[in-house]
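Have a look at the structure below before the remarks.
Remember, predicted model here, so these are calculated numbers, not experimental data. Residue numbering restarts at 1 for every chain, and letters A, B, ... go by the order of the sequence lines. Hydrogens, waters and symmetry mates are skipped; everything else that's a heavy atom, side chains included, is used.
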Protein chains: 2
Amino acid sequence: MKIDARLVEKRIKEFTDLCQQNRIKVTKQRIEVLIEVLRCNDHPDAEKVFTGLRKKMPKISLDTVYRTLRLLNDLGVITTFGFFREKTRFEANLKPHHHFICRQCGLAVDFFCDEMSRLELPQQVRSLGKIDRTQVEVTGICNNCAKSVKNKTK
Amino acid sequence: MKIDARLVEKRIKEFTDLCQQNRIKVTKQRIEVLIEVLRCNDHPDAEKVFTGLRKKMPKISLDTVYRTLRLLNDLGVITTFGFFREKTRFEANLKPHHHFICRQCGLAVDFFCDEMSRLELPQQVRSLGKIDRTQVEVTGICNNCAKSVKNKTK
DNA sequence: GTCACTGCAAAAATTTTGCAGCGTT
DNA sequence: AACGCTGCAAAATTTTTGCAGTGAC
């Protein structure tokens with residue numbers, strides 16, 4: 001709940017600098033959405049950001065929150081937990097394993113790694129509850145997508 | 001693409017046994033959904049399972065696929081990739097870190113662990129593409145939820 | 001035969017989009 | 001002053017639910 005004002009200033013500055021570089025406007029709503037995500041350290045969804053913000057900014061609309069979250073995510077100012085706008089995906093492989101996921105196309109490849117599977121969790125984590133599964137998620141851009149990105153001017 | 005018939009038999013038997021234990025009916029649709037998820041090794045979403053199945057079973061409906069996937073997931077016969085029916089969640093913490101997530105209530109706690117952050121990925125994985133992030137996801141039941149579950153007869 | 005399951009259609013929930021007016025640059 | 005952004009409402013997308021008939025036990 002404690003919020004470090006200096007950190008918030010720093011993160012806002014990072015954001016406004018990025019806006020200037022990208023000719024994106026700095027608006028009250030955008031600043032407030034960023035502050036709200038910084039303030040909530042419990043990985044809020046769009047709805048929670050929205051209701052949290054309404055106390056300070058009663059006129060903000062849910063779609064602006066969605067648009068802003070996407071913008072902040074695209075700029076790399078915030079991240080998503082799991083994937084952005086992804087449907088639920090299923091898998092039948094119940095053996096302990098890990099994933100490589102391409103954040104461009106969603107390609108998901110299973111891999112096994114004894115070293116990782118044997119990892120001991122810090123006591124601090126084990127004390128949070130009963131652990132069922134420890135899984136490594138490796139995120140990146142797959143070779144296929146890397147090829148197509150090279151064609152565009154990035 | 002290669003599908004091991006013996007493995008499929010084994011998994012179907014596991015499922016039918018669970019059905020008998022739980023007085024759940026074994027239907028053609030349920031068996032076929034399970035086979036389809038076993039057959040797709042690319043972590044399909046409900047829509048993909050549905051369209052894949054329609055070739056064999058043209059009358060199956062999308063809502064049956066959804067219902068069945070949820071049932072299989074609840075029985076522990078399949079898993080989801082990320083979380084089932086979860087909204088997109090955001091976080092402002094950009095430093096490399098890991099998560100404990102309660103699969104009951106969605107509680108997400110960040111934690112740091114040098115040993116994990118320093119993990120070297122197998123060559124097999126690094127060759128899949130450009131790696132941006134390696135994150136450990138620990139899934140379980142948090143202490144709070146464990147308490148409330150104890151009250152029910154499980 | 002019973003009652004859980006399916007398919008249909010319709011609803012709920014989540015996220016996106018078109019548009020007219022407003023506010024940042 | 002220009003034009004990107006907001007809020008509204010409406011649409012699109014993903015997932016769930018009510019109901020009458022069907023099929024598993």
Please check the phosphate of [N] (OP1 and OP2 only) for any side-chain N or O of [X] closer than 4.0 Å.
| X | N | result |
| --- | --- | --- |
| A:Arg23 | D:dC3 | no |
| A:Thr88 | D:dT15 | yes |
| A:Gln29 | D:dG7 | yes |

Report yes or no: does [X] contribute a side-chain atom to a donor-acceptor pair with the main-chain N or O of [Y] at less than 3.5 Å?
| X | Y | value |
| --- | --- | --- |
| B:Asp4 | B:Arg6 | yes |
| A:Arg11 | A:Ile35 | no |
| A:Arg30 | A:Leu72 | no |
| A:Asn143 | B:Leu128 | yes |
| A:Arg70 | A:Val65 | no |
| B:Asn22 | B:Leu18 | yes |

Just the rounded figure in Å: distance from [atom2] of [N] to [atom1] of [X].
| X | N | atom1 | atom2 | value |
| --- | --- | --- | --- | --- |
| B:Phe83 | D:dT15 | CZ | P | 16 Å |
| B:Glu47 | D:dT16 | CD | P | 14 Å |
| A:Arg30 | C:dT24 | CZ | P | 11 Å |
| A:Ile31 | C:dT25 | CD1 | P | 9 Å |
| B:Phe50 | D:dT13 | CZ | P | 16 Å |
| A:Glu86 | C:dT15 | CD | P | 12 Å |
| B:Glu32 | C:dG7 | CD | P | 12 Å |
| B:Asn22 | D:dA24 | CG | C1' | 16 Å |

Residues within residues 57-76 of chain A bordering DNA chain D, heavy-atom distance below 4.0 Å = A:Lys59, A:Ile60, A:Ser61, A:Asp63, A:Thr64, A:Arg67

ask   = Tell me, do A:Thr16 and A:Ile31 make a side-chain contact under 4.5 Å, heavy atoms counted?
value = yes

request  = Would you work out how much the helix from C:dG1-D:dC25 to C:dT25-D:dA1 bends between its ends, with each end axis defined by five base pairs, to 10 degrees?
outcome  = 40°

task = Could you check which residues of residues 12-21 of chain B get a heavy atom under 4.0 Å from DNA chain C? Sort them by number, please.
result = none

query = For A:Glu32 and A:Lys56, what are the C-alpha separation, side-chain angles and deciding distance, and is it a salt bridge (charged side-chain N to carboxylate O under 4.0 Å, His left out)?
reply = CA-CA 9 Å; A:Glu32 290 299 336; A:Lys56 270 172 104 175; 2.8 Å; yes

From OG1 (A:Thr134) to NE2 (A:His98), nearest 0.5 Å = 8.5 Å

query = To the nearest 0.5 Å, how far apart are CZ in B:Phe50 and CE in B:Met57?
reply = 12.0 Å

query = Relative to the 5' end of DNA chain D, which residue comes earlier, B:Ala46 or B:Val26, by the nucleotide with the nearest heavy atom?
reply = B:Ala46

Using a 3.5 Å cut-off and no angle test, enumerate the donor-acceptor pairs between side-chain atoms of residues 107-115 of chain B and protein atoms at least two apart in sequence or in another chain.
{"unit_1": "B:Asp110", "atom_1": "OD1", "unit_2": "A:His43", "atom_2": "NE2", "d": "2.7"}
{"unit_1": "B:Asp110", "atom_1": "OD1", "unit_2": "B:His99", "atom_2": "NE2", "d": "3.2"}
{"unit_1": "B:Asp110", "atom_1": "OD2", "unit_2": "B:Asn93", "atom_2": "ND2", "d": "3.1"}

ask   = Can you check salt bridge (charged side-chain N to carboxylate O under 4.0 Å, His left out) on B:Lys13 and B:Asp17, steps first, answer last?
value = CA-CA 6 Å; B:Lys13 175 135 190 358; B:Asp17 287 353; 2.9 Å; yes

message = Tell me which pairs pass salt bridge (charged side-chain N to carboxylate O under 4.0 Å, His left out) where either residue lies in residues 129-144 of chain A, with sequence neighbours left out.
response = A:Lys130-A:Asp132, A:Asp132-B:Arg103

Please enumerate all protein N or O atoms sitting under 3.5 Å from an N or O of nucleotides 20-23 of chain C, with distances to 0.1 Å.
{"unit_1": "C:dG23", "atom_1": "N2", "unit_2": "A:Lys25", "atom_2": "NZ", "d": "2.7"}

remark   = DNA chain C nearest-nucleotide lookup for A:Ile24 and B:Ile24: closer to the 5′ end is B:Ile24

ask   = Which atom names give the shortest non-hydrogen contact between A:Arg89 and A:Gly106, and what distance separates them?
value = NH1-O, 2.7 Å

